[in-house]
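Reviewing the structure listed below.
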Amino acid sequence: MKRSHVFDPEHVAVLEAEDRKVWQNPDEILTAVELKPQFIAADLGCGSGYFTVPLARRVRKAFGIDVQREMLDFLEDKIRKLKIRNIEPLLSKPDEIPLEDESVDLLMSVNTLHEFGDRRKMIREMRRVLKRGGKLLIVDFKKEETGFGPPVSIRISKIGAIRLFEAKGFVLLKTKELPYNYLLVFIKD
């Protein structure tokens, strides 16, 4: 993975900003997938846990996975303060997900697709850890100037993302346009 594409942990306040709910509301995004209380879920590239915490409130167990120890430290502090017991932070290596084969019902990845160094390998990893019939929720920045976010040059278009996942055997279930992002829901069949 090219480290220059990874979010800088010194800017974690941006991830936690109250106005983020206006353009990237966790409730709206999580509602796009039919979550069940017995689900085991994973937030890949969890960062500060902005989505991991609301995800954990809807499922039996949530893994918060990130390649940066600083982000997981922030998440662990948040877990302690909020007294959440069903989130397990996991440090990953680039292009590897530290979970067993077919171990999660839902895998979500928000604003991270553009960060993956070897996208095809990461998509294979996503497929590996998802159970048969498991759902994959992808949210990433549109490939257009939004005034913030990663450089447009490293963003992946919605059509490009769909093609990447379909090439690895995922079936597209749903798309949704958000103010600055696209949302894709796939199933592993």
Side-chain angles (χ1 to χ4, degrees), residues 1-9 15 24 29-30 32-33 39-52 55 59 61-72 75 87-143 149-176 178 180-189:
M1 182 191 304
K2 298 173 185 164
R3 294 294 295 177
S4 61
H5 295 336
V6 177
F7 188 84
D8 185 344
L15 300 178
Q24 202 166 57
I29 288 169
L30 291 171
V33 180
F39 271 13
I40 308 251
D43 182 3
L44 181 62
C46 67
S48 67
Y50 183 77
F51 284 92
T52 318
L55 175 64
V59 298
K61 180 167 185 167
F63 293 98
I65 303 169
D66 208 284
V67 296
Q68 298 182 85
R69 179 77 250 168
E70 303 93 333
M71 290 298 196
L72 292 178
L75 174 60
I87 296 175
E88 183 178 338
L90 294 174
L91 183 65
S92 68
K93 296 178 184 174
D95 307 326
E96 288 182 28
I97 301 174
L99 293 172
E100 298 293 321
D101 293 357
E102 299 187 2
S103 58
V104 295
D105 301 288
L106 170 75
L107 178 68
M108 67 181 297
S109 187
V110 179
N111 300 341
T112 56
L113 184 59
H114 63 272
E115 292 186 0
F116 298 147
D118 185 341
R119 290 185 190 110
R120 287 175 177 80
K121 184 174 181 186
M122 275 309 293
I123 293 168
R124 279 194 305 272
E125 277 288 283
M126 292 171 167
R127 187 165 174 79
R128 179 186 67 76
V129 302
L130 269 172
K131 294 178 182 176
R132 184 174 176 84
K135 303 274 177 66
L136 175 65
L137 172 63
I138 299 292
V139 177
D140 215 325
F141 285 95
K142 295 175 183 176
K143 192 165 178 73
V152 175
S153 63
I154 67 167
R155 297 181 190 193
I156 299 150
S157 70
K158 179 171 82 170
I159 296 299
I162 291 169
R163 287 183 182 143
L164 277 170
F165 287 97
E166 286 182 339
K168 295 297 177 205
F170 283 98
V171 177
L172 182 65
L173 293 180
K174 183 187 295 187
T175 69
K176 183 174 183 170
L178 302 170
Y180 305 106
N181 302 89
Y182 54 82
L183 179 152
L184 306 171
V185 179
F186 297 92
I187 188 167
K188 175 185 171 180
D189 63 352

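We number each residue from 1, following the sequence as shown.
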So with a 6.0 Å cut-off around CZ of Arg69, is the heavy-atom count from everything else above 12?
yes

In Asp43, Ile138, Leu130, the residue satisfying side-chain contact (heavy atoms from CB on, under 4.5 Å) with Leu107 is Leu130

Carboxylate-amine/guanidinium contact Glu166 Arg163, below 4.0 Å
no

Rounded at 0.5 Å granularity, tell me how far CZ in Phe39 sits from CG in Leu55.
10.5 Å

Just by modelled atom types, is the Thr112 backbone N or O under 3.5 Å from a matching donor or acceptor in the Ser109 side chain?
no

Side-chain ion pair, Lys188 and Glu102, N-O less than 4.0 Å:
yes

Just so I know, are the side chains of Ile187 and Phe170 near enough to count as touching, which here means a heavy-atom distance under 4.5 Å?
no

Show, in sequence, the C-alpha distance, side-chain angles and deciding distance for Lys143 and Ile156, and conclude whether the side chain to side chain contact (heavy atoms under 4.5 Å, CB included) test is met.
CA-CA 6 Å; Lys143 192 165 178 73; Ile156 299 150; over 6 Å; no

Which distance, rounded to the nearest 0.5 Å, do you find between the CG of Leu137 and the NZ of Lys174?
9.5 Å

Quick one: does Asp140's side chain have a donor or acceptor within less than 3.5 Å of a partner on Leu113's backbone?
yes

Among Lys121, Arg127, Arg128, whose side chain to side chain donor-acceptor pair (under 3.5 Å) with Glu125 holds?
Arg128

How close do Leu90 and Pro98 get, heavy atom to heavy atom, and via which atoms?
CD1-O, 3.7 Å

Residue pair Met126 / Phe165: nearest heavy atoms and the distance that separates them
SD-CE2, 3.6 Å

When every non-hydrogen atom of Asp66 is compared with those of Cys46, the smallest separation belongs to OD2-N, 3.4 Å

Check whether any side-chain heavy atom of Lys158 lies under 4.5 Å from a side-chain heavy atom of Leu184, and answer yes or no.
yes

Shortest non-hydrogen separation from Gly64 to Leu72 and the atoms involved
O-CD2, 3.6 Å

Which atom pair, heavy atoms only, marks the closest approach of Leu164 to Arg119?
CD1-CD, 4.0 Å

From CG (Leu75) to OH (Tyr50), nearest 0.5 Å:
15.0 Å

With a 4.5 Å heavy-atom cut-off, do Leu30 and Met108 have their side chains touching?
yes

Can you tell me how far the CZ atom of Phe63 sits from the CD1 atom of Ile87, to the nearest 0.5 Å?
11.5 Å

Any luck finding a side-chain donor-acceptor pair between Asn111 and Asn181 under 3.5 Å?
yes

Test side chain to side chain contact (heavy atoms under 4.5 Å, CB included) on Ile162 and Tyr182; report intermediate values, then the result.
CA-CA 11 Å; Ile162 291 169; Tyr182 54 82; over 6 Å; no

Here's a test for you: under side-chain contact (heavy atoms from CB on, under 4.5 Å), which of Asp101, Leu99, Leu44, Leu136 qualifies with Val129?
Leu99

Measure the OG1-CG distance between Thr175 and Leu183 for me, rounded to the nearest 0.5 Å.
8.0 Å

List the steps and the verdict of side chain to side chain contact (heavy atoms under 4.5 Å, CB included) for Ile65 and Ile97.
CA-CA 8 Å; Ile65 303 169; Ile97 301 174; 3.9 Å; yes

Ignoring hydrogens, what is the shortest heavy-atom contact between Gly117 and Asp95? Give both atom names and the distance.
N-OD1, 3.9 Å

Begin from the C-alpha positions of Leu178 and Val139 and carry the test side chain to side chain contact (heavy atoms under 4.5 Å, CB included) through to its verdict.
CA-CA 9 Å; Leu178 302 170; Val139 177; 4.1 Å; yes

Just so I know, are the side chains of Arg120 and Lys168 near enough to count as touching, which here means a heavy-atom distance under 4.5 Å?
yes

Side chain proximity check, Val152 to Phe141, heavy atoms < 4.5 angstrom
no

Taken to the nearest 0.5 Å, the spacing of Asp105 CG from Lys131 NZ works out to 3.5 Å

